[in-house]
Number of protein chains: 4
Amino acid sequence: MIKQLKEEVCAANIDLQKLGLVTLTWGNVSGRDAGDNLVVIKPSGVPYHSLRADDMVVVDLSGKIMEGNRKPSSDTPTHLKLYNAFPKIGGITHTHSTYATMFAQACREIPCLGTTHADQFNGPVPVTRFLTEEEVYTGYEMNTGTAIIERFANLDVLALPAVLVAGHAPFTWGTDASDSVRNALALERIAQMALGTLQLDPGVNELPRYIREKHFKRKHGPDAYYGQK
Amino acid sequence: MIKQLKEEVCAANIDLQKLGLVTLTWGNVSGRDAGDNLVVIKPSGVPYHSLRADDMVVVDLSGKIMEGNRKPSSDTPTHLKLYNAFPKIGGITHTHSTYATMFAQACREIPCLGTTHADQFNGPVPVTRFLTEEEVYTGYEMNTGTAIIERFANLDVLALPAVLVAGHAPFTWGTDASDSVRNALALERIAQMALGTLQLDPGVNELPRYIREKHFKRKHGPDAYYGQK
Amino acid sequence: MIKQLKEEVCAANIDLQKLGLVTLTWGNVSGRDAGDNLVVIKPSGVPYHSLRADDMVVVDLSGKIMEGNRKPSSDTPTHLKLYNAFPKIGGITHTHSTYATMFAQACREIPCLGTTHADQFNGPVPVTRFLTEEEVYTGYEMNTGTAIIERFANLDVLALPAVLVAGHAPFTWGTDASDSVRNALALERIAQMALGTLQLDPGVNELPRYIREKHFKRKHGPDAYYGQK
Amino acid sequence: MIKQLKEEVCAANIDLQKLGLVTLTWGNVSGRDAGDNLVVIKPSGVPYHSLRADDMVVVDLSGKIMEGNRKPSSDTPTHLKLYNAFPKIGGITHTHSTYATMFAQACREIPCLGTTHADQFNGPVPVTRFLTEEEVYTGYEMNTGTAIIERFANLDVLALPAVLVAGHAPFTWGTDASDSVRNALALERIAQMALGTLQLDPGVNELPRYIREKHFKRKHGPDAYYGQK
């Protein structure tokens, strides 16, 4: 089980590079083994092209290393915080993808301007607050997770599988590791589309709610009719 | 005949990815067999890299599945509506290509700002109205087709083989499947050029009509002299 | 001699696609055989990936086809006009490359904003006037050449091997076919850089003339010291 | 030792092209052999795809050619000036990468708008002044180095391994040749992100200093905990 998860998480990390979502080593993917409450994550600072399944690090939900000879991603405490808070998610991706990061740096949520957005995210992609100086110097990565959880107090993590950390970059999640990568890719494209749309019309209206709901629900939930199942 | 059309439509769908016009599974191409009044279309939600001709779905003009083990694209009713309304078109492409989608999201037609545009589209690329809530909840994809047809009431579909659906994305068409893909690619490039041109000069004038007509006609229609035939 | 020139011109046309300077068949390169006063040019509307040296068309300076089974590029009269007017140029490239075309559509010259520009072009890249309706309908492509020549009445074609045709796209030239392609590539990059620079500072100053002259002359002319010769 | 350094510098130059940081021959990398006070640098004007280790030129810190049959990069005097002034750097990269050059042309420093920036550069990326006409005509490349050194009078070259030369383009440096290329790549991405962020919010605030310091120090310096060592 963990062996297969390591392969999936390794492949998902390699996909980040293939899909143009990362520069250098600026991103990481993890996946959860729900049965054993274990998390498999990329090792810190290792280039994607040299990653093998055996390089993946296995940690429990408290962060204790259970398997692996490498140091886990420095962002591991953020991943774990999210897995603990959101029991339904099975994979998490963090990138500094170019266009999503622009919105994170501008501390501006990505408004839902079209059906491309609505197909993946049922509402604007939210932005966290900045961490305080104390939070930064006492458990920075863990507190990044806390700020994300705080931002989702009244939001549905399954309907909005993405967040922008203020001044930083996006995190996305999903049912498993590769689903979280697909959401990272979708996020990057809708960020680029939103930037261009705002350049064409800075006062553009959001997509009417009834179209947004329709598109999200034709792909997700009990009445979905997109795809082969 | 249908076997060959399946291969053509399959290849045209794969081209969407090669040409950078699609992300994930955000696009589909269909082709019409004019003799038998059948339409061949991509199956819903299947990744391009794994598509084979046998995966294509054959439907009649009412949407009845005639051949294939897969569900057709969820956008099939839009394609069929257009084939029924426009007897001269033989292929349709739908994408969420980045720059064309920016204009669709801004509900802004793409003005004809240069000969690159005029070579393919004899006038501004039009935008539909938004669907009403009722239209969205009673046959969304079919009504998308209706809104496109309504927009073309006084326009020539062969001279303007592209439309932007408001808040959504483009549809293009052509003599056959691959011709509609070429128009999707041309549309994406002229959208990008138009965005940049408007950034350089928000009040830029459209191309003089006599140059636009000249360019369109040197490539299309009885007096065309571009190409080898 | 002509056989080798055909191979060079064919390779230069194929380079247009490799370098990302063309979409579909939107561009063409020609080269001149100065000894025989012949010009070799791409056939009209043929995709780059299938081009072979034997597909190239040989014309004399009046446009008479001397060799080849294909129709020459529809832009051939523009190329010939330029070869006749500018005896020192040996190759011409026409593209609709994305960023250079934005400036052509905005009828805005590309100001010399940095040394990247100055390394290739010793001054702003000029824009032609629009052709009149009469010029468009009586020898459009030839009159495009006339408008370019008119624009260069007081300019040095060797110091400024590029022009933007208003509402259309760029032409570049050089000592031979591949040199004109290099100038087309340089033009596209400096157009993109200029657009971004103008977005950062719409009132940005041009590069001081003494730096511009220095950079151009370290690469070109009798005192050049860049490169291996 | 020099043989290995030649291979490293050759590979680093080839990387410039693989990473999309250069067009034509617009960039060069050098590396220093600290023991022998020698510098290995790219030959002038040679395309990256044909570079071999033996093409690299070895010079001493005064610019005297010690090994190699080629002319060194025309920017060699700038590199040497920096190696002489900054004893701790072991590699230098010069490119005209698109987005970083936009900021150089606008004479605008790249503000630190996010953690992507802070991970590599502990503060805004500075811009030099323009050279005077006299400096341009009496040792242009050497004086470019002088202007960079002058700009760093009160800055830490290891905490800010990048500079924008006004009206020109970036130089980056690092512990060795490949480290300077990594900084060139990071610079290009953070320039692109900064441009987009400024388009979303022209008045955006810089990243709080305590977050900037945290991010830089988690990757660099005695308390770094990013990566495998």
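First the proteins, then the strands, lettered A, B, ... as listed; each starts at 1.
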- [ ] Sort out for me which of L19(B), T197(B), L185(B), D201(B) touches chain C most, counting heavy-atom pairs under 4.5 Å.
- [x] T197(B)
Open item on the list: So for E188(B), is it side chain, backbone, both, or neither that comes closer than 4.5 Å to the heavy atoms of chain C?
Closed with: neither
TODO: Could you grab the distance from atom CD of Q17(C) to atom CG of L51(C), nearest 0.5 Å is fine?
DONE: 9.0 Å
- [ ] Find the one option among Q199(B), Q192(B), R218(B) whose heavy-atom pairs under 4.5 Å with chain C are most numerous.
- [x] R218(B)
Task: Side chain / backbone / both / neither for L200(B) at chain C, heavy atoms under 4.5 Å - done: both
Open item on the list: Is E213(B) in contact with chain C via its backbone, its side chain, both, or neither, using a 4.5 Å heavy-atom distance?
Closed with: both
Open item on the list: Under a plain distance cut-off of 3.5 Å, with no hydrogens placed, do Y140(C) and H215(B) share a side-chain donor-acceptor pair?
Closed with: yes
Open item on the list: Please classify the contact between F103(C) and chain B as side chain, backbone, both or neither, with a heavy-atom cut-off of under 4.5 Å.
Closed with: both
Task: Closest-packed option against chain C by number of heavy-atom pairs under 4.5 Å, given R189(B), H117(B), M193(B) - done: M193(B)
Task: Residue part contacting chain C, namely of D119(B), when any heavy atom lies under 4.5 Å - done: side chain
Task: Atom group of V165(C) that falls short of 4.5 Å from chain B, counting heavy atoms - done: neither
Open item on the list: Are F152(C) and W173(C), when compared by the centres of their aromatic rings, separated by less than 6.0 Å?
Closed with: yes
Task: Residue R108(C) versus chain B: region with a heavy atom under 4.5 Å - done: side chain
- [ ] Examine distances only and state if a side-chain atom of N122(C) and a backbone atom of A159(C) form a donor-acceptor pair shorter than 3.5 Å.
- [x] no
Task: Ring center gap for Y226(B) and W26(C) short of 6.0 angstrom - done: no
TODO: Verify, without hydrogens or angle tests, whether K42(B) (side chain) and V57(B) (backbone) share a donor-acceptor contact under 3.5 angstrom.
DONE: no
Task: T98(C) portion near chain B, given a 4.5 angstrom heavy-atom threshold - done: both
- [ ] Side chain from CB out, backbone as N, CA, C, O: work out which of these in E135(C) comes under 4.5 Å of a heavy atom of chain B, or both, or neither.
- [x] neither
Task: D60(C) side chain to G63(C) backbone, donor-acceptor under 3.5 Å - done: yes
Task: 4.5 Å side-chain heavy-atom contact, D15(C) and Y48(C) - done: no
Open item on the list: Below 4.5 Å, heavy-atom pairs only: which of G45(C), S73(C), A194(C) has the largest tally toward chain B?
Closed with: G45(C)
Task: chain C contact via A118(B) - side chain, backbone, both or neither, heavy atoms under 4.5 Å - done: neither
Open item on the list: Checking side-chain polar atoms at under 3.5 Å, does Y83(B) have a donor or acceptor matched by the opposite partner on S30(B)?
Closed with: yes
TODO: Tell me, for R182(B) versus chain C, whether the close heavy atoms (under 4.5 Å) come from the side chain, the backbone, both or neither.
DONE: both
Open item on the list: Quick check on the 6.0 Å ring-centre criterion: do H168(B) and H94(B) meet it?
Closed with: yes
